[in-house]
Amino acid sequence: MAWNTNLRWRLPLTCLLLQVALVVLFGVFVRYDRDADAHWVEDKLHSNSSDLDNEFYYRYPSFQDVHVMIFVGFGFLMTFLQRYGYSSVGFNFMLAAFGIQWALLMQGWFHSYQDGYILVGVENLINADFCVGSVCVAFGAILGKVSPIQLLIMVSLSCTARDCHELDRPLVPKVKDAGGSMTIHTFGAYFGLTVTWILYRPNLYQSKERQSPVYHSDLFAMIGTLFLWMYWPSFNSAVSNHGDAQHRAAINTYCSLAACVLTAVALSSALHKKGKLDMVHIQNATLAGGVAVGTAAEMMLMPYGSLIVGFICGIVSTLGFVYLTPYLESNLRIQDTCGIHNLHGIPGIIGGIVGAVTAACANSKVYGQQGLAHAFEGLSTNWSASMQGSFQAAGIFVSLAMALVGGIIVGIILKLPIWGQAADENCFDDDIYWEVPKDHAIYVSHPEDPNLKPSEP
Amino acid sequence: MAWNTNLRWRLPLTCLLLQVALVVLFGVFVRYDRDADAHWVEDKLHSNSSDLDNEFYYRYPSFQDVHVMIFVGFGFLMTFLQRYGYSSVGFNFMLAAFGIQWALLMQGWFHSYQDGYILVGVENLINADFCVGSVCVAFGAILGKVSPIQLLIMVSLSCTARDCHELDRPLVPKVKDAGGSMTIHTFGAYFGLTVTWILYRPNLYQSKERQSPVYHSDLFAMIGTLFLWMYWPSFNSAVSNHGDAQHRAAINTYCSLAACVLTAVALSSALHKKGKLDMVHIQNATLAGGVAVGTAAEMMLMPYGSLIVGFICGIVSTLGFVYLTPYLESNLRIQDTCGIHNLHGIPGIIGGIVGAVTAACANSKVYGQQGLAHAFEGLSTNWSASMQGSFQAAGIFVSLAMALVGGIIVGIILKLPIWGQAADENCFDDDIYWEVPKDHAIYVSHPEDPNLKPSEP
Amino acid sequence: MAWNTNLRWRLPLTCLLLQVALVVLFGVFVRYDRDADAHWVEDKLHSNSSDLDNEFYYRYPSFQDVHVMIFVGFGFLMTFLQRYGYSSVGFNFMLAAFGIQWALLMQGWFHSYQDGYILVGVENLINADFCVGSVCVAFGAILGKVSPIQLLIMVSLSCTARDCHELDRPLVPKVKDAGGSMTIHTFGAYFGLTVTWILYRPNLYQSKERQSPVYHSDLFAMIGTLFLWMYWPSFNSAVSNHGDAQHRAAINTYCSLAACVLTAVALSSALHKKGKLDMVHIQNATLAGGVAVGTAAEMMLMPYGSLIVGFICGIVSTLGFVYLTPYLESNLRIQDTCGIHNLHGIPGIIGGIVGAVTAACANSKVYGQQGLAHAFEGLSTNWSASMQGSFQAAGIFVSLAMALVGGIIVGIILKLPIWGQAADENCFDDDIYWEVPKDHAIYVSHPEDPNLKPSEP
């Protein structure tokens with residue numbers, strides 16, 4: 001049965017209503033924070049500080065790098081499918097643009113709410129991008145199988161769930177997770193996997209021929225991979241403490257990612273019967289090191305510690321693509337289009353564990369007395385490293401729980417047959433939701449003509 | 001009638017003569033400004049300031065983002081045409097590289113001239129990029145219909161006109177336009193539209209089949225769109241006052257752009273009879289929010305104000321692509337290849353108006369007493385917000401007037417049949433000016449062969 | 001004779017062994033430097049400095065730009081070959097990821113070794129990227145003709161040779177080369193040319209049909225070109241002294257690159273019999289200005305000096321592509337796939353000479369007394385400008401000598417027939433080392449079928 005995929009009224013109304021709601025909510029709640037408000041000039045005079053002390057100069061370059069990761073990184077990473085490039089980049093663009101606004105509100109209510117207003121500055125912009133990052137992760141699991149309306153619904157609920165998750169902090173009060181191994185990657189991955197499990201399509205094999213790349217689509221995907229890889233040090237350091245913590249987070253991430261590339265290449269070749277490399281692994285498994293070092297990056301993980309984390313994740317992630325993804329699909333009915341379980345799921349959990357262990361090992365010899373207080377700031381006097389480690393470990397389970405619960409709720413809502421989703425035989429095809437040029441349309445409509453077969457680059 | 005498009009002597013001579021002239025003029029006039037000169041070490045000691053007070057650290061990250069917008073952003077945005085990718089990226093590269101040098105001179109004479117020298121620092125580099133930005137906008141209107149020589153002529157005259165425009169500041173003395181809604185976008189758009197109106201080609205339909213995209217050319221264009229979109233907060237904040245103004249400009253632009261994406265998506269779907277999205281709108285209308293918030297971004301527009309601006313512009317811009325561009329072409333003989341009227345023209349004017357209104361509403365309650373003086377610095381004691389608002393409004397008309405006058409002069413010069421422009425049936429074709437690979441040439445030369453039709457990706 | 005190109009065990013083992021070695025060496029030697037260590041909080045309190053004095057804020061934005069140049073810039077620049085895109089981007093990714101780790105160690109031993117530890121901070125990350133840059137240059141000469149194992153061997157030996165080169169500094173003690181005209185470009189180019197000379201393949205004409213671009217592969221290459229071009233000011237200024245030197249280096253590089261584009265365009269058109277532009281020149285010769293200004297960029301070269309350098313290099317480089325590369329191949333048996341001799345070799349030497357002349361002309365009138373001492377810091381009292389000039393000139397010859405010696409050693413090692421290199425008729429083909437999609441494979445396997453010929457975009 002083919003559902004009605006004509007979105008002419010549903011998509012515009014959804015977009016406009018959401019955007020109107022955002023305008024109203026921003027009007028009621030959102031104001032500039034101290035460093036972005038025109039009164040800052042007076043504040044600055046009183047506090048005798050200089051222009052450079054504005055938070056803008058500490059965070060803005062990192063913010064822009066994170067922004068590129070969300071829009072170009074995730075957007076192009078998913079263009080590997082031969083006929084789903086418009087949707088990969090375009091829907092990612094749409095969902096992220098909506099998501100950052102929604103996340104500014106949700107995170108604002110929970111973290112920057114003062115005297116009835118949400119005060120917004122550059123750190124909020126970064127956190128909004130982070131929140132959207134977790135949705136982009138989840139998008140990877142359901143890529144090609146959902147309509148833009150479903151994506152908008154998922155974004156709004158997922159950001160809410162994720163921030164309730166952060167709200168949970170009273171329960172798990174002082175979990176540190178600057179690079180988001182748990183709150184972004186683990187949460188996003190298991191959320192997405194739960195959604196795709198509920199949206200299981202038994203006849204998806206009918207779209208199988210479009211679920212592979214063509215030559216140039218793989219090159220487009222490499223644009224995404226490389227921008228994610230290069231800017232990941234900014235991602236993991238963007239909201240760390242000023243100074244040494246930001247510096248250290250960048251170094252650790254750089255090291256972990258570098259190690260990860262080599263082991264991903266090694267495994268990719270070792271697992272192919274002729275020793276050939278597989279683009280899927282190069283595009284994805286090379287990034288697992290960045291995910292896995294997210295929690296611990298700002299801690300004294302040491303450069304070799306980062307290399308070890310990257311080393312392990314390159315191997316685990318590639319193995320996951322070769323063995324686990326097919327298993328999940330055939331045995332557990334989890335259809336994971338981009339293999340996010342291997343790139344974000346397992347490495348995210350590894351990252352949470354690494355963070356817990358690193359925190360549990362913290363001591364004043366390694367950090368210095370003041371360094372330790374600074375790194376785990378805001379801690380009560382009865383703080384101990386092992387207690388921090390336990391909190392960190394608890395954080396993993398909270399992330400997983402929120403992801404599963406949130407994913408089930410969202411999955412059930414998205415299963416309703418009214419959102420314009422494609423039939424099983426029309427998945428992974430831009431033609432459903434986009435006006436595509438003739439060159440593409442011809443190929444799409446006559447796949448049986450052998451003369452045309454190789455014409456798609 | 002086909003003109004002679006062999007540029008063998010004309011293009012090299014033009015380039016070399018221009019570059020020699022630039023070397024001589026730089027030799028006579030251009031020196032480093034205080035912060036880039038080796039004497040700065042002494043200055044620093046005397047003024048008791050630190051290394052970080054060098055303007056470089058306030059502006060350089062934003063400069064690089066702006067630089068990417070000009071070269072990758074505008075360059076790739078225009079690669080959507082199926083057989084004009086080399087020219088889009090290559091000519092944009094050439095004109096921008098020439099333009100930044102020329103703009104350094106022109107802007108220097110008008111703004112940084114001291115004791116017989118133009119003193120150049122990082123802010124000048126940003127302003128040179130801005131000036132070139134207005135030419136890149138204009139290029140969008142005439143894309144595919146002009147020769148590289150015509151582009152070089154246009155750049156030199158356009159930058160001159162634009163800076164005379166800025167020279168006009170004694171007339172309209174204290175207009176604020178940090179993000180260039182008026183001086184970059186409105187000026188560039190109406191300048192380009194005037195030029196293309198004068199260069200009207202009645203038989204352009206002969207090249208119609210090349211005026212559409214193919215699948216992968218649209219993906220290349222999305223690279224341009226995304227880099228423009230992501231870095232636009234840097235564009236609008238790059239030359240704002242240090243501290244809160246830069247910070248606020250980035251936040252406002254971020255908000256406006258995000259809102260714009262959703263309404264552009266909504267309208268794109270609503271205006272298609274099957275509710276499908278059109279890549280042209282996603283590539284262009286999503287950027288209108290950045291244009292329209294250019295003037296007011298550094299003011300206390302408030303986040304919800306930015307959302308409203310973006311909301312309106314996404315709608316207006318998409319409507320423009322669907323209804324206005326065809327109307328302009330058929331009724332007013334304005335052939336606007338990239339639809340710059342919808343992306344830069346109307347949103348630029350909206351931006352000017354928003355800036356005027358926002359300035360007119362400025363008061364010391366919102367800005368603080370010192371904040372107000374700082375935001376509209378250099379103002380005489382009889383300054384009032386409504387006066388500033390009037391100046392801002394006048395700025396729009398000055399921009400339009402300069403664009404029309406400049407466009408007419410440049411258009412008439414470019415109409416001379418000696419610049420190697422292509423015949424009407426050869427427009428939008430790289431083959432005229434570039435050595436293209438065989439795969440492309442074969443397709444170009446046998447379009448009637450049905451077997452080959454779908455071969456172009 | 002076809003060698004065995006099945007890398008199933010050789011590549012994985014090489015990667016894993018190298019990575020294990022790196023983990024061990026990092027464990028023994030690498031620690032965080034002062035600004036990235038948690039003890040920094042205490043240091044800061046004692047030295048009464050602020051968060052912003054952390055080196056991170058001076059260097060990190062430039063570091064990220066350099067990072068993009070190495071991975072996206074060099075990676076995509078080499079995708080111009082029609083069937084070698086996976087390898088260009090993928091192998092560059094692999095070699096650079098390995099190289100930065102190795103370079104951290106090598107450079108650390110020679111430059112940041114303290115009390116038995118290599119102390120790593122953001123400047124080390126930049127220098128590691130620089131070192132890898134020289135290998136990426138060399139990769140350009142042998143692109144398409146070597147296996148990934150050969151690349152890994154080349155990286156490890158080349159980084160070692162290059163850092164021994166830097167070790168040589170006791171001999172040539174105070175050579176300044178912040179942008180690496182000599183130590184990165186000259187060294188990398190002549191190293192790569194020597195290697196390719198030793199690996200000469202007499203029957204390479206058998207792969208000739210794959211040594212040309214197709215339409216979209218040239219556009220992918222432009223992504224690389226533009227990111228190299230735009231971020232080159234960051235490259236040349238990344239490790240310069242804080243303040244005016246960094247500022248000046250960015251301005252000089254910006255000017256030189258801009259001038260270079262115009263003369264490259266001029267020569268490209270002038271040297272084609274119909275005056276058409278050649279993408280090879282636009283992709284490569286436009287960058288020569290950045291190479292040639294590397295040494296002198298931080299000196300008082302003056303903006304017009306930079307324009308002159310760019311002017312000359314655009315011409316020389318384009319002439320090299322048209323006349324010198326074919327000559328080298330046919331007469332000197334040097335097969336230079338990307339023409340690195342024209343982009344890095346000659347411009348690198350020009351850059352060394354420009355640096356020597358600029359240094360020799362330095363005087364306290366131009367720099368100021370303190371500025372001179374600061375620019376050529378660490379100099380003994382009997383320092384003179386002409387002496388500095390001689391040191392600079394000597395630096396060129398040391399670079400050349402190290403490149404030739406290193407290249408010969410590496411070339412001989414790589415000539416062993418055990419590294420999985422492709423046969424002459426299989427060069428420039430991803431299919432040897434990568435699992436490629438069917439669309440590509442079909443085209444590759446039936447090149448004689450005329451219907452399929454134009455199908456590759």
Side-chain angles (χ1 to χ4, degrees), chain B residues 6-8 11-12 15-16 18-19 22-23 26-27 30-32 35-42 44-45 51-52 54 56 60-61 64 67-68 71-72 75 79 85-86 89-90 93-94 97-98 100-101 120-122 125 216 220 223 433-437 439-440 442-443 451-452 455-457, chain C residues 52 58 61 65 212-216 218-219 222-223 226-227 229-231 234 242-244 246-248 250-251 254-255 257-259 261-263 265-267 269-270 272 274-279 282 286 300 302-304 307-308 311 366-368 370-372 374-375 451 453-457:
Chain B
N6 184 329
L7 303 178
R8 184 155 189 192
L11 180 60
C15 288
L16 292 176
L18 287 172
Q19 193 58 55
L22 286 166
V23 169
F26 267 60
V30 181
R31 298 293 179 271
Y32 303 114
D35 283 21
D37 192 284
H39 288 89
W40 182 73
V41 186
E42 287 169 19
K44 193 183 55 167
L45 286 176
D51 283 352
L52 273 168
N54 197 298
F56 183 79
Y60 190 72
Q64 275 294 4
H67 218 40
V68 172
F71 288 88
V72 162
T79 57
Y86 288 14
V89 170
F93 189 16
M94 179 196 69
F98 166 60
I100 52 179
Q101 299 176 68
V120 167
V122 65
L125 306 189
H216 281 167
F220 279 112
I223 297 174
Y433 302 118
W434 295 85
E435 185 70 34
V436 290
D439 74 301
H440 188 59
I442 284 174
Y443 177 46
N451 276 338
L452 295 171
S455 74
E456 184 71 350
Chain C
L52 273 168
Y58 287 95
D65 295 349
S212 56
V214 287
Y215 192 65
H216 280 168
D218 261 340
L219 280 180
M222 279 304 288
I223 297 173
L226 288 176
F227 275 100
W229 194 90
M230 296 179 305
Y231 285 155
S234 298
H242 294 169
D244 63 300
Q246 250 186 308
H247 200 153
R248 193 163 53 242
I251 295 173
Y254 177 97
C255 289
L257 283 164
V261 174
L262 248 72
T263 55
V265 167
L267 268 281
S269 172
H272 185 281
K274 292 183 182 171
K276 291 185 181 184
L277 297 168
D278 190 325
M279 259 291 163
I282 306 304
T286 52
M300 290 290 284
M302 310 312 286
Y304 65 86
L307 290 192
I308 293 170
F311 190 98
V366 174
Y367 286 75
Q370 286 170 309
L372 192 64
H374 190 67
N451 276 339
K453 203 70 188 225
S455 72
E456 183 71 350

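Remember, predicted model here, so these are calculated numbers, not experimental data. Throughout, a chain's letter reflects where its sequence line sits, starting with A, and its residues are numbered from 1. Computation of the quantities below employed the complete heavy-atom set of this structure, encompassing side-chain atoms and omitting hydrogens, waters and symmetry-equivalent molecules.
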Working to the nearest 0.5 Å, report the span between [atom1] of [X] and [atom2] of [Y].
{"X": "B:Asp37", "Y": "C:Met302", "atom1": "CG", "atom2": "CE", "value": "7.0 Å"}
{"X": "C:Lys274", "Y": "B:Leu7", "atom1": "NZ", "atom2": "CG", "value": "13.0 Å"}
{"X": "C:Asp244", "Y": "B:Asp51", "atom1": "CG", "atom2": "CG", "value": "8.5 Å"}

Considering all heavy atoms, the nearest [X]-[Y] contact:
{"X": "B:Trp40", "Y": "C:Gly243", "result": "CZ3-CA, 3.5 Å"}
{"X": "B:Leu16", "Y": "C:Ala266", "result": "CG-CB, 3.7 Å"}
{"X": "C:Leu262", "Y": "B:Met94", "result": "CD1-O, 3.8 Å"}
{"X": "C:His216", "Y": "B:His216", "result": "CE1-CB, 3.4 Å"}

Taking every non-hydrogen pair under 4.5 Å, which of [options] racks up the most with chain B?
{"options": "C:Ile251, C:Ile282, C:Leu52", "value": "C:Ile251"}
{"options": "C:Thr263, C:Leu226, C:Val366, C:Thr286", "value": "C:Leu226"}
{"options": "C:Gly275, C:Pro61, C:Cys255", "value": "C:Gly275"}

Heavy-atom distance under 4.5 Å to chain B: side chain of [X], backbone, both or neither?
{"X": "C:Leu257", "value": "neither"}
{"X": "C:Ser234", "value": "both"}
{"X": "C:Phe311", "value": "side chain"}
{"X": "C:Ser269", "value": "both"}

Working for ring-ring contact (aromatic ring centres under 6.0 Å, His included), residues C:His272 and B:Trp434: CA-CA 10 Å; C:His272 185 281; B:Trp434 295 85; over 10 Å; no

Selection from B:Phe26, B:Tyr86, B:Tyr60 maximising heavy-atom pairs under 4.5 Å formed with chain C: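 Heavy-atom pair counts peak at B:Tyr86.
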
Is the backbone N or O of [Y] less than 3.5 Å from a side-chain atom of [X], with the two atoms forming a donor-acceptor pair by type?
{"X": "B:Gln19", "Y": "C:Val261", "value": "no"}
{"X": "B:Gln101", "Y": "C:Ala258", "value": "yes"}
{"X": "B:Arg8", "Y": "C:Ala270", "value": "yes"}
{"X": "B:Glu42", "Y": "C:Gln370", "value": "yes"}
{"X": "C:Tyr215", "Y": "B:Gly85", "value": "yes"}

B:Val30/C:Leu307 under side-chain contact (heavy atoms from CB on, under 4.5 Å): CA gap, chis, key distance, verdict: CA-CA 11 Å; B:Val30 181; C:Leu307 290 192; over 6 Å; no

Strictly under 6.0 Å, is that where the ring centroids of B:Tyr32 and C:His247 end up?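 No, they do not, as the ring centres are separated by 6.0 Å or more.
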
Contacting moiety of B:Phe71, where chain C heavy atoms sit under 4.5 Å: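 Both backbone and side chain.
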
Any residue meeting ring-ring contact (aromatic ring centres under 6.0 Å, His included) with C:His242, in chain and number order, not counting sequence neighbours: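 By the ring-ring contact (aromatic ring centres under 6.0 Å, His included) rule, C:His242 matches C:Tyr58.
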
Please determine which of B:Thr79, B:Val72, B:Val89 meets the side chain to side chain contact (heavy atoms under 4.5 Å, CB included) test together with C:Met222.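 Passing option: B:Val89.
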
